[in-house]
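These numbers come from the heavy atoms of this one structure, side chains and all, not from hydrogens, waters or symmetry mates. By convention in this document, chain letters (A, B, ...) are assigned in the order of the sequence lines, proteins followed by strands, and residues within each chain are numbered from 1.
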Amino acid sequence: MVFSQRTVTCGGLTKADDGKRVVLNGWVHRERNHGAIFFINLRDRYGITQVVVADDADKELSDTASKLKMEYCISVTGTVRLRPEGMINLEMSTGEIEVKAEKIEILSTCATLPFMIEDENKAREDLRLKYRFLDLRCSGMQKRIALRHYFVKAIRDFLSARDFYEIETPTMIRSTPEGARDFLVPSRLYPGKFYALPQSPQLMKQLLMCSGFDKYFQIARCYRDEDARGDRQLEFTQLDLEMSFVQRDDVLALMEQLFCHVFKQILDYDLPVHFRRIAYKDAMNQYGCDKPDLRFEVEMKDFDALAAKSTFGAFHEALASGKGAVRALVAPKTEGVEFTRKYIQELESAAKIYGAHGLAWMKVADGKLNGGVSKYFEGMDDEVISSLGAGEGDMICIVAHPQWKKCCTSLGAVRSKLGKDLKLIRPSFEFCWIIDFPLFSYNEDKGHWEAEHHMFSMPQDRFIPTLESDPGSVLGDLYDLVLNGYEVASGSIRIHDVELQRKIFRICNFSDEEAEEKFGFLLNAFRFGPPPHGGIAPGVDRLVMIISQQESIHEVIAFPKNTFGVDPMDGSPETVDQKQLDELHLIINYPKKEEKQS
RNA sequence: GAGGGAGUAGCGAAGCUGGUUUAUCGCGCUGGCCUGUCACGCCGGAGACCGCGGGUUCGAGUCCCGUCUCUCUCGCCA
C-alpha cells in the first residue's frame with residue numbers, strides 16, 4: 001500500500017516546529033465537526049495532536065474529513081502552526097500547536113467499537129480481554145505497558161553493569177514432584193512421555209552456578225497450574241537471579257541496590273538504602289501475615305497473659321493446649337467511622353474467613369473498658385489499656401485460637417481491613433525483608449514434612465545437628481521481599497552438598513532411590529565441585545502492578561488469562577484435532593458429569 | 001472443592017418494599033444543522049423479549065427454584 005509515511009509522531013510537535021511541513025500517521029481519537037471546519041485529535045503511542053481541516057479546504061479534503069470516525073487509521077499531511085490566541089490547550093503536551101491538514105488518507109476504517117478508547121476503560125473485564133487489542137489502545141494500558149518496559153530495562157542495565165549474564169534456560173523441562181501442579185507438554189517422539197513447563201528455572205540456574213556462571217539472571221516466564229487471583233495467574237514473569245560465593249546478606253544488599261536504582265530511574269522515587277528485616281515469627285505476631293503492609297502503623301500485641309487473667313472462657317480454651325494464642329490490636333478512633341455493631345460484625349467475618357471462631361472487642365470510654373467482652377476484665381482496665389497503648393475512643397480487637405498461626409492470620413485480616421476502611425494507608429512504597437522462615441511444615445493430610453519454600457534451601461547452620469530429630473523448629477536461609485502487603489520476591493541460599501540435599505529429600509519423604517530418579521541430574525552436578533550459591537526471584541508482574549497503583553496483574557500484562565485460565569480473545573484453551581491427538585498418542589478421558597440427585 | 005458479589009440496548013449505569021409508562025439516563029451509533037473546538041454544541045432517529053429455563057401471582061426487571069457466564073475471597077499457589 002502506498003501512503004504518506006509519517007515524518008513525526010503525535011506526541012512530539014511543539015511551537016518550535018511552527019511552519020514545518022509534516023506527515024502524521026495515527027488513529028482518529030476524537031473528531032469535532034463544526035460544519036465548515038473540522039478538528040481531529042490524532043493519536044499514536046506518543047501522544048495526541050490536533051489536526052485542523054480549515055474552511056479553505058478543497059472539496060476532496062473536506063469530504064474525506066467528514067467521513068472520518070473514531071479509530072479510523074489515517075495519514076495526515078499538513079503544516080504545523082501555532083494555535084490562535086486563546087485557543088491554547090494547556091492540558092495537552094502539544095496544546096500550543098496544531099497541524100493544518102492539506103491531505104488526509106484513510107488507511108483503514110473501523111467498525112462500531114465495543115467500548116470507547118479512553119484513559120481508563122470502564123467496560124467489564126471479560127469484554128476488555130476479548131478486545132484486548134483495543135483495550136491496549138487506552139492510554140492507561142499504554143502507560144503501564146511502557147512502564148513495564150522501562151522497569152525491565154532498568155533491571156537489565158543495573159545487572160549488566162554488575163557483571164551479570166542474562167542466560168536463557170529451557171521452557172520444556174522435566175516434571176519435578178514439588179510445589180505447584182505442572183503444565184505438561186506431551187512428546188510426539190516418545191509416546192507416554194511429557195515435558196513440563198517450568199514453575200521457575202530453579203534447578204537450571206543452580207546448574208549454571210555449577211558451570212561457573214557466578215552471576216546469572218533471566219527475565220523468565222514461569223508456569224503454575226493453580227487457580228488464579230488478583231495478584232497471580234497461571235503464567236507470569238520473574239526476574240530470576242542467582243549468584244555463587246555469596247551469603248544471605250549479599251543477596252539482600254544487591255536487591256536493595258537494585259530496587260533503589262530502578263525506583264529512582266523509573267519513578268524518581270528514593271527508597272531507603274536498607275530495607276527493614278523482620279523475622280517470620282515476628283511478622284506473624286505483629287502483623288498476622290508473612291507479607292505485612294507497613295504503610296500503616298496498627299500492630300498486633302501478645303495478649304496471652306492478660307487473656308489468661310481474664311474470666312472469659314473462650315480465651316482460656318484457646319490457651320489450654322499450650323499451642324494456642326491470643327492476640328490483640330487497637331483500632332484507632334477515626335473521624336467518620338463509627339465502631340457500630342454492624343461494622344464490628346464485618347470485622348468479625350473478615351477474621352472468620354481465616355479460621356477465627358469470633359472476634360472479641362471492647363471500647364475505651366472515659367478511660368475504662370466498655371462493651372463487648374469488657375465484663376470479663378473487671379479491675380484490669382488500666383492494665384489492659386496501658387499494655388496495648390489504647391486511647392480514648394479506640395476499640396480493642398482480640399482473637400483467640402487454639403492454633404497460633406490461625407490466631408495471627410485471623411487478626412491480621414482484621415488489621416488489613418482496618419487499614420483500608422479507616423484510610424490509614426499512606427501513599428508510599430514500604431519494602432521489608434521477611435527472614436528466618438521455618439524450613440519445613442508438617443502436612444497433616446499426607447502425614448509427612450514438606451519444604452515451606454522448596455527443597456533446595458539451606459538450613460541455618462545452628463539447626464543442622466537437629467535437622468532430622470526436630471524438623472519443625474529448623475529455620476532456613478530463606479528470605480522474602482515484601483512491598484505494601486505483597487510478596488514481591490522470594491529466595492534462599494541453596495544447598496550445594498550432596499549429603500545434606502539427600503537428608504532434606506528424606507525428611508520430605510523422598511527415598512534415596514526416588515530422589516535419585518527425580519533429581520539425579522542435580523545431585524550428580526553436586527559431585528563435581530559445586531560452588532556455594534544463592535539467589536532470589538522477584539515477580540515482575542506484581543512489582544509493576546504495585547508501582548502503577550493497580551490491584552490486578554492483568555493491568556500490566558498485555559494479554560492475560562481470566563480467572564479461569566481462559567483467554568477470551570483467542571479462546572484458549574481449546575480442543576484440538578483428532579489428528580494432533582493421534583500424533584501425540586493421547587486419548588482424552590473426559591470427566592463424567594455428576595448425575596444430580598433429584 | 002467452598003463462600004460473597006454481579007449479569008438491564010454496542011458500553012457504563014438507574015429502576016425503592018411486585019402494579020401509573022411505550023423500561024429511564026449518559027456515552028456510542030444514525031439523519032440533519034453549525035467557522036475555533038478540544039468530553040464541542042443544537043434538533044431528530046434507531047437500538048433491550050431486563051443472562052437463560054422453570055415457578056408463585058390477576059400482574060415479575062423486581063419474589064422463589066434451577067442453570068450459565070463473569071468477578072472477588074478461602075482452599076490451592078515451594
Original post:
If each of A:Glu452 and A:Val566 is mapped to the nucleotide of RNA chain B with the nearest heavy atom, which maps nearer the 5' terminus, i.e. the 5' end?
Top reply: A:Val566
Subject >> A:Ser200 or A:Thr563, whichever maps to the more 5' nucleotide of RNA chain B >> reply: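 Nearer the 5' end of the strand: A:Thr563.
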**OP:** Taking only the side-chain nitrogens and oxygens of A:Arg30, find out if one of them lies under 4.0 Å from OP1 or OP2 of B:U37.
**Re:** no
Subject >> A:Arg32 vs B:C40: side-chain N/O to OP1/OP2 distance below 4.0 Å >> reply: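 So the side chain of A:Arg32 is within the cut-off, an N or O lying under 4.0 Å from OP1 or OP2 of B:C40.
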Pick the [atom1] atom in [N] and in [M], then give their distance to the nearest Å.
N: B:C27; M: B:G45; atom1: P; result: 16 Å
N: B:G28; M: B:C40; atom1: P; result: 8 Å
N: B:C16; M: B:A6; atom1: P; result: 14 Å
N: B:U62; M: B:G53; atom1: P; result: 13 Å
N: B:C50; M: B:G44; atom1: C1'; result: 27 Å
N: B:G61; M: B:G7; atom1: C1'; result: 12 Å
N: B:A46; M: B:A39; atom1: C1'; result: 24 Å
N: B:G47; M: B:G1; atom1: C1'; result: 43 Å

Using 4.0 Å as the upper bound for N to carboxylate O, is an ion pair formed by [Y] and [X]?
X: A:Glu551; Y: A:Arg229; result: no
X: A:Lys15; Y: A:Glu96; result: yes
X: A:Glu450; Y: A:Lys446; result: yes
X: A:Lys100; Y: A:Asp56; result: yes

Using atom types as modelled, flag every donor-acceptor pair under 3.5 Å from a side chain in residues 30-38 of chain A to any protein atom, sequence neighbours excluded.
{"residue": "A:Arg32", "atom": "NH2", "partner": "A:Asn41", "partner atom": "OD1", "Å": "3.0"}
{"residue": "A:Arg32", "atom": "NH2", "partner": "A:Gln50", "partner atom": "OE1", "Å": "3.2"}
{"residue": "A:Asn33", "atom": "OD1", "partner": "A:Gly35", "partner atom": "N", "Å": "2.7"}

Subject >> Set of salt bridge (Lys or Arg N to Asp or Glu O under 4.0 Å) partners for A:Asp225, sequence neighbours left out >> reply: none
What residues in [range] put a non-hydrogen atom under 4.0 Å from any atom of RNA chain B?
range: residues 39-49 of chain A; answer: A:Phe39, A:Asn41
range: residues 119-139 of chain A; answer: A:Lys122, A:Ala123, A:Arg124, A:Glu125, A:Asp126, A:Leu127
range: residues 472-495 of chain A; answer: none

Original post:
Quick one: NZ on A:Lys67 to OG on A:Ser62, what's the gap to the nearest 0.5 Å?
Top reply: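 If we round to the nearest 0.5 Å, A:Lys67:NZ and A:Ser62:OG are 10.5 Å apart.
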Whole angstrom value for the distance that separates [atom2] of [N] from [atom1] of [X]:
X: A:Arg229; N: B:G4; atom1: CZ; atom2: P; value: 16 Å
X: A:Lys352; N: B:G4; atom1: NZ; atom2: C1'; value: 15 Å
X: A:Glu31; N: B:C40; atom1: CD; atom2: P; value: 10 Å
X: A:Glu118; N: B:C27; atom1: CD; atom2: C1'; value: 8 Å
X: A:Asp56; N: B:G36; atom1: CG; atom2: C1'; value: 14 Å
X: A:Ile117; N: B:G10; atom1: CD1; atom2: C1'; value: 13 Å
X: A:Phe564; N: B:U69; atom1: CZ; atom2: P; value: 8 Å
X: A:Gln233; N: B:C76; atom1: CD; atom2: C1'; value: 16 Å

Original post:
A:Pro84 side chain: which of B:G36, B:C74, B:U71 is closest?
Top reply: B:G36
Original post:
Nearest of B:C76, B:C77, B:U37 to any side-chain atom of A:Glu98?
Top reply: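 In terms of side-chain proximity for A:Glu98, the closest of B:C76, B:C77, B:U37 is B:U37.
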Original post:
Would you say the base of B:C76 and the side-chain of A:Arg224 have a donor-acceptor pair closer than 3.5 Å?
Top reply: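 Side chain to base: no pair below 3.5 Å.
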Subject >> Base B:C38 to side chain A:Asn89, donor-acceptor N/O within 3.5 Å cut-off >> reply: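 Check passes, donor-acceptor contact within cut-off.
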Using Watson-Crick or G-U wobble geometry with both distances below 3.5 Å, tell me the partner of [N], or none.
N: B:C42; result: B:G32
N: B:C74; result: B:G1
N: B:C50; result: none
N: B:G7; result: B:C68
N: B:C25; result: B:G12

Which residues pass the side-chain contact (heavy atoms from CB on, under 4.5 Å) test with [X], sequence neighbours left out?
X: A:Lys281; result: A:Asn285, A:Trp404
X: A:Gln550; result: A:Arg144, A:Met545, A:Ser548, A:Glu555
X: A:Arg506; result: A:Glu468, A:Glu499, A:Arg502, A:Lys503, A:Asp512
X: A:Lys561; result: A:Gln233, A:Leu234, A:Glu235, A:Asp567, A:Ser572

**OP:** Give a yes or no answer on whether the side chain of A:Gln238 reaches the backbone of A:Ser200 with a donor-acceptor pair at less than 3.5 Å.
**Re:**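 No; zero donor-acceptor contacts below 3.5 Å.
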Original post:
Is the backbone N or O of A:Ala558 less than 3.5 Å from a side-chain atom of A:Arg132, with the two atoms forming a donor-acceptor pair by type?
Top reply: yes
**OP:** List in chain and number order the residues that pass side-chain hydrogen bond (donor to acceptor under 3.5 Å, both in side chains) with A:Asp182, two or more places apart in sequence or in another chain; answer none if no residue qualifies.
**Re:** A:Ser175, A:Gln199
**OP:** Mind checking side-chain hydrogen bond (donor to acceptor under 3.5 Å, both in side chains) for A:Thr79 and listing every partner two or more places apart, or none if nothing turns up?
**Re:**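 In terms of side-chain hydrogen bond (donor to acceptor under 3.5 Å, both in side chains), with neighbours along the sequence ignored, A:Thr79 is linked to A:Glu102.
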**OP:** Go along nucleotides 28-34 of chain B 5' to 3' and tag each nucleotide: B for a protein heavy atom under 4.0 Å from its base, S when only backbone or sugar atoms are that close, - otherwise.
**Re:** SSS---B
Subject >> Aromatic ring proximity A:Tyr479/A:Phe437, centre distance under 6.0 Å >> reply: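 Between A:Tyr479 and A:Phe437, the centre distance exceeds or equals 6.0 Å.
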